[in-house]
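To start, the structure under review is shown below, and the notes come after it.
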Amino acid sequence: MSTMLGNTTIVPEVARLKAVHLGVDDLKVAASILFNAYVDDPLFADIFQAEKEGYESRLRSAIREELNAFWVAEQPMIGLFQERRLLAVACLTGPDAAFGAGRYWHWRLRMLLTAGLFGTKQMLEKEEKVRNLVPAENFHMLSFIAVHPDYQKHGLGHMLLGAIDSVVIEDESSEGVAVFVTVAKHRAFFNDDNYQVVGELSLSHVKGEVMFRKREDVTSAN
């Protein structure tokens with residue numbers, strides 16, 4: 001299925017796509033792609049109180065602060081590009097769990113100012129609870145994954161998962177990669193790539209599943 005814009009069909013040329021680490025100049029576009037992907041996500045809608053005025057502003061600010069924190073901490077952020085155009089993005093935290101619940105004090109302060117106390121606490125609580133369900137000590141956590149709405153349904157998401165596999169393989173300390181899923185179609189997407197459900201989790205009013213792909217499954221597939 002192709003995506004239509006007016007009378008134009010957008011089909012990315014797979015042979016010309018490349019997966020590379022994002023640069024600081026890519027973060028603004030990455031934030032826009034992530035916002036469009038997560039604005040209707042039940043977990044983020046709950047954390048940032050979609051029923052209250054200013055939800056979209058709070059979510060945009062939170063995503064910006066997350067990306068800035070990833071950049072400062074030198075965590076893996078992968079972009080799928082067609083020439084200079086960013087089509088898809090994935091953000092991971094590495095096996096060093098200190099980036100999780102600890103975070104940097106300046107990240108917490110900026111998040112408090114933009115997303116509020118409730119949203120900040122919920123973000124940190126979610127990350128810690130997910131980590132506690134993963135059957136590994138050192139692993140990557142997939143925090144965000146999104147494809148530009150004009151380029152969906154062309155397999156770009158699975159190409160990103162392949163790039164994530166490469167990150168895991170390159171880091172010998174990693175036992176695999178985990179993700180928290182709250183939407184059924186997303187569960188099927190990760191299941192297609194041999195992610196297994198390792199636990200169920202309720203956060204506030206939202207239920208989801210923690211999925212994990214072991215390093216041996218990653219290496220055997222590559």
Side-chain angles (χ1 to χ4, degrees), residues 1-41 43-45 48 55-94 99 107 110-111 114-115 123 140-171 177-181 183 185-186 189-190 192-193 195 213 218 222:
M1 178 177 177
S2 300
T3 302
M4 300 294 294
L5 278 186
N7 295 319
T8 304
T9 302
I10 298 179
V11 181
E13 298 180 39
V14 174
R16 297 172 59 191
L17 297 179
K18 60 180 180 179
V20 299
H21 288 280
L22 296 183
V24 68
D25 293 337
D26 301 315
L27 298 187
K28 184 176 180 179
V29 176
S32 177
I33 292 174
L34 292 174
F35 173 80
N36 285 320
Y38 286 95
V39 67
D40 295 320
D41 184 277
L43 179 61
F44 286 89
F48 297 107
Y55 164 64
E56 291 190 0
S57 177
R58 290 191 295 275
L59 180 59
R60 287 185 189 276
S61 296
I63 290 173
R64 285 198 304 269
E65 294 307 326
E66 280 285 88
L67 292 181
N68 287 334
F70 273 81
W71 177 259
V72 171
E74 298 182 342
Q75 299 298 298
M77 293 188 289
I78 306 166
L80 201 60
F81 288 83
Q82 185 174 47
E83 297 180 350
R84 296 184 178 181
R85 183 173 175 80
L86 180 60
L87 307 186
V89 60
C91 302
L92 303 98
T93 58
F99 181 69
W107 176 90
R110 291 173 64 121
M111 184 67 83
T114 56
M123 288 282 284
H140 284 83
M141 177 85 77
L142 178 57
S143 298
F144 295 111
I145 183 169
V147 177
H148 191 289
D150 293 344
Y151 294 89
Q152 294 177 359
K153 300 187 183 300
H154 294 296
L156 272 64
H158 287 287
M159 290 184 67
L160 268 181
L161 291 182
I164 291 168
D165 288 348
S166 297
V167 171
V168 173
I169 292 171
E170 290 172 3
D171 190 335
V177 57
V179 63
F180 181 52
V181 177
V183 181
K185 67 178 181 179
H186 298 162
F189 168 73
F190 287 107
D192 286 345
D193 205 49
Y195 282 71
R213 189 178 187 200
V218 173
N222 289 270

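By convention here, the first residue in the shown sequence is residue 1.
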Do [X] and [Y] have side-chain heavy atoms sitting under 4.5 Å apart?
| X | Y | value |
| --- | --- | --- |
| Phe81 | Val20 | yes |
| Ile78 | Leu92 | yes |
| Asp192 | Leu161 | no |
| Leu43 | Tyr38 | no |

- Indicate yes or no for a side-chain donor-acceptor contact from His148 to the backbone of Asp150 under 3.5 Å, with no hydrogens or angles considered. yes

- Message: With a 3.5 Å distance limit and no angle check, can you tell me whether Glu56 reaches the backbone of Val39 through a side-chain donor-acceptor pair?
- Response: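 Checked: no pair found.
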
On a heavy-atom basis, which atom in [X] and which in [Y] lie closest, and how many Å separate them?
| X | Y | result |
| --- | --- | --- |
| Gly94 | Pro76 | N-CD, 4.4 Å |
| Gln152 | Val147 | NE2-O, 3.0 Å |
| Phe44 | Tyr55 | O-CE1, 3.6 Å |

Just how far is it from atom [atom1] of [X] to atom [atom2] of [Y], taken to the nearest 0.5 Å?
| X | Y | atom1 | atom2 | value |
| --- | --- | --- | --- | --- |
| Arg64 | Leu59 | CZ | CG | 10.0 Å |
| Met77 | Phe70 | CE | CZ | 7.5 Å |
| Ser143 | Ile63 | OG | CD1 | 12.0 Å |
| Leu142 | Phe190 | CG | CZ | 5.0 Å |
| Cys91 | Glu66 | SG | CD | 8.5 Å |

- Message: Once ring pair (Phe, Tyr, Trp, His ring centres under 6.0 Å) is applied, do any residues pair with His21, and if so which ones, sequence neighbours excluded?
- Response: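 If we apply the ring pair (Phe, Tyr, Trp, His ring centres under 6.0 Å) test to His21, skipping adjacent residues, there are no hits.
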
Can you list, pair by pair, the side-chain donor-acceptor contacts under 3.5 Å of residues 22-35, counting residues two or more places apart and other chains?
| unit_1 | atom_1 | unit_2 | atom_2 | d |
| --- | --- | --- | --- | --- |
| Asp26 | OD2 | Gly23 | N | 2.8 |

- Query: Of the options Asp171, Thr93, Ile164, which is the one that meets His140 in a side chain to side chain contact (heavy atoms under 4.5 Å, CB included)?
  - Reply: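 When Asp171, Thr93, Ile164 are each tested with His140, the side chain to side chain contact (heavy atoms under 4.5 Å, CB included) holds only for Asp171.
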
- Under the side chain to side chain donor-acceptor pair (under 3.5 Å) test, which residues partner Asp41, sequence neighbours left out?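 Expected list: none.
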
- Message: Does Tyr151 form a side-chain contact (heavy atoms from CB on, under 4.5 Å) with Leu80? I'd like the steps, not just the answer.
- Response: CA-CA 11 Å; Tyr151 294 89; Leu80 201 60; over 6 Å; no

